[in-house]
Student: 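Okay, here's the structure, questions in a sec.
Scope of the values below: all heavy atoms of this structure, side chains included, with no hydrogens, waters or symmetry mates.
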Amino acid sequence: MNPAPPPGTQTLARGIAVVDAVARGHSRLRDISAEVGVGRSTTHRLLQLLRSSGYLRQLDDGAYALGPALIELGYQALQENPVTSVATPVLRTLAGQVHDTVHLAIEDRGQVLYLDKIPGTRGAQMRSQVGHRMPLTRTGIGKALLLDSPGRWSETFVAERRVVDTDLAPADDVLTPDAFVTVMQASAARGVAFDLEENEPGILCVAAPVRDTSGSIVAAVSVSATRPYMPPQRLETLAPVVLDAAGRISTGLGYRGSRA
């Protein structure tokens, strides 16, 4: 349950909720109103204000979509994020070295949020996109973001499995919470995490965390490929490569610990 907004900020909170609702795919007045939990007249006024400000746009069929102002703000936020600026040259070098898809992500609101993606030069395209979100416990990069948080492993695993989404729930997902914790313990000991087709059928990846000057995990890097290009032995071969890339980004953020 979301906390009540501070006094005098209810309209702002509702406007943000409207933008969030549209971002989650609610594109019609009726649906947006129901999602936000306010009347249609109030929702309509908020939609018109957001549209006139460029935060939303209205399509020819009357549906609402995110507007150009958010693109501009999102791009500016990416440029101002120190992780992004430090990581960019490292990611480009890594992509040229492995020829597979390279991702950079952070944790935001309990989910993976992709900040950068360099598509591979072989194999199928992946559904991940900059600005998109994925579950933490189903993705290698999400697991890497959780490596320092053993108290969250079981709880997050269970919470994400409660979400019914056939696209994110492969039929062969048979891990139990205890088994997931065991996997995470092994990953934390090595400093790398793997995705063995848990998030997207046919896609495997290896990921490592990025740390800041305090030693805290602030982002993660991954290399992903389709099954034919990512046999078990290649996952093992790539682990130190990805670790090194994450370590170079961490160094650029002021981390002075070991890369290993």
Student: Are the charged groups of Arg227 and Glu197 less than 4.0 angstrom apart, N to O?
Tutor: yes
Student: Tell me if a side-chain donor or acceptor on Arg256 pairs with a main-chain N or O of Thr213 at a distance below 3.5 Å.
Tutor: no
Student: So, taking the atom named CG in Leu50 and the one named CG in Leu46, what distance separates them when rounded to the nearest 0.5 Å?
Tutor: 6.5 Å
Student: Judged by atom type as modelled, is there a donor-acceptor pair below 3.5 Å linking the side chain of Thr101 to the main-chain atoms of Ala225?
Tutor: no
Student: Any idea which heavy atoms bring Val130 and Lys117 closest together, and the distance?
Tutor: CG2-N, 3.7 Å
Student: Quick check: closest heavy atoms across Leu145 and Ala219, and the distance to 0.1 Å?
Tutor: CD2-C, 3.5 Å
Student: Taking the basic N atoms (NZ, or NE/NH1/NH2) and the acidic carboxylate oxygens, is any pair closer than 4.0 Å for Arg92 and Asp116?
Tutor: yes
Student: Set out, in order, the CA-CA distance, both residues' side-chain angles and the distance that settles side chain to side chain contact (heavy atoms under 4.5 Å, CB included) for Leu147 and Ser187, then state yes or no.
Tutor: CA-CA 7 Å; Leu147 286 185; Ser187 298; 3.7 Å; yes
Student: My understanding is that only residues two or more places apart in sequence, or in another chain, count here; which of them pass side chain to side chain contact (heavy atoms under 4.5 Å, CB included) with Leu253?
Tutor: Pro82, Val83, Val86, Val210, Val218, Ile249
Student: Among all residues two or more places apart in sequence or in another chain, which pass the side chain to side chain contact (heavy atoms under 4.5 Å, CB included) test with Pro240?
Tutor: none
Student: Using 4.0 Å as the upper bound for N to carboxylate O, is an ion pair formed by Asp20 and Arg14?
Tutor: no
Student: Take a 6.0 Å sphere around CD of Glu72 and say whether it holds more than 12 heavy atoms from other residues, nucleotides or ligands.
Tutor: no
Student: Kindly determine whether Met230 and Leu238 satisfy side chain to side chain contact (heavy atoms under 4.5 Å, CB included), including the steps that lead there.
Tutor: CA-CA 9 Å; Met230 194 71 86; Leu238 283 174; 3.6 Å; yes
Student: Ignoring hydrogens and geometry, is there a side-chain-to-backbone donor-acceptor pair from Ser216 to Asp212 under 3.5 Å?
Tutor: no
Student: Is it the case that over 12 heavy atoms from other parts of the model lie below 6.0 angstrom from the OH atom of Tyr55?
Tutor: no
Student: Out of curiosity, Leu235 CG to Leu196 CG, how far, rounded to the nearest 0.5 Å?
Tutor: 6.5 Å
Student: Specify the closest pair of heavy atoms between Leu29 and Arg40, including all atoms of both residues, with the distance to one decimal.
Tutor: CD1-O, 3.8 Å
Student: How about His132 and Tyr114: are their ring centroids closer than 6.0 Å?
Tutor: no
Student: Return yes if a side-chain donor-acceptor contact under 3.5 Å exists between Gln48 and Arg51, otherwise no.
Tutor: yes
Student: Considering all heavy atoms of both residues, which atom of Ile141 and which atom of Leu104 are nearest to each other, and what is their separation?
Tutor: CD1-C, 4.1 Å
Student: Check the side chains of Arg45 and Thr42 for a donor-acceptor pair under 3.5 angstrom, ignoring hydrogens and angles.
Tutor: yes
Student: Please answer whether the main-chain N or O of Arg30 pairs with a side-chain N or O of Ser33 as donor and acceptor at a distance below 3.5 Å.
Tutor: no
Student: Give me the atom names and distance for the closest heavy-atom approach of Ser128 to His103.
Tutor: OG-NE2, 2.6 Å
Student: Please lay out, stage by stage, how His26 and Val22 fare under the test side chain to side chain contact (heavy atoms under 4.5 Å, CB included).
Tutor: CA-CA 5 Å; His26 301 280; Val22 174; 5.9 Å; no
Student: Tell me if a side-chain donor or acceptor on Ser27 pairs with a main-chain N or O of Ala63 at a distance below 3.5 Å.
Tutor: no
Student: Quick one: which residue pairs count as a side-chain hydrogen bond (donor to acceptor under 3.5 Å, both in side chains) with a foot in residues 139-148, not counting sequence neighbours?
Tutor: Lys143-Glu198, Asp148-Arg211
Student: Check Gly131 against Leu113 and note the closest heavy-atom contact, atom names and distance.
Tutor: O-CD1, 3.5 Å
Student: Between Thr137 and Arg161, does any side-chain donor sit less than 3.5 Å from a side-chain acceptor?
Tutor: yes
Student: Could you tell me whether a side-chain N or O of Trp153 sits under 3.5 Å from a main-chain N or O of Met184, the two making a donor and an acceptor?
Tutor: no
Student: Please confirm whether the backbone N or O of Arg152 pairs with a side-chain atom of Ser149, one donor and one acceptor, at under 3.5 Å?
Tutor: no
Student: Do Leu136 and Val158 sit in the same hydrophobic cluster, where Ile, Leu, Val, Met, Phe, Trp and Tyr count as joined when their side-chain heavy atoms come under 4.5 Å apart?
Tutor: yes
Student: Identify whether the distance between the nearest side-chain nitrogen and carboxylate oxygen of Arg138 and Glu200 falls below 4.0 Å.
Tutor: no
Student: Same hydrophobic cluster for Leu73 and Leu56, using side-chain heavy-atom links shorter than 4.5 Å among ILVMFWY?
Tutor: yes
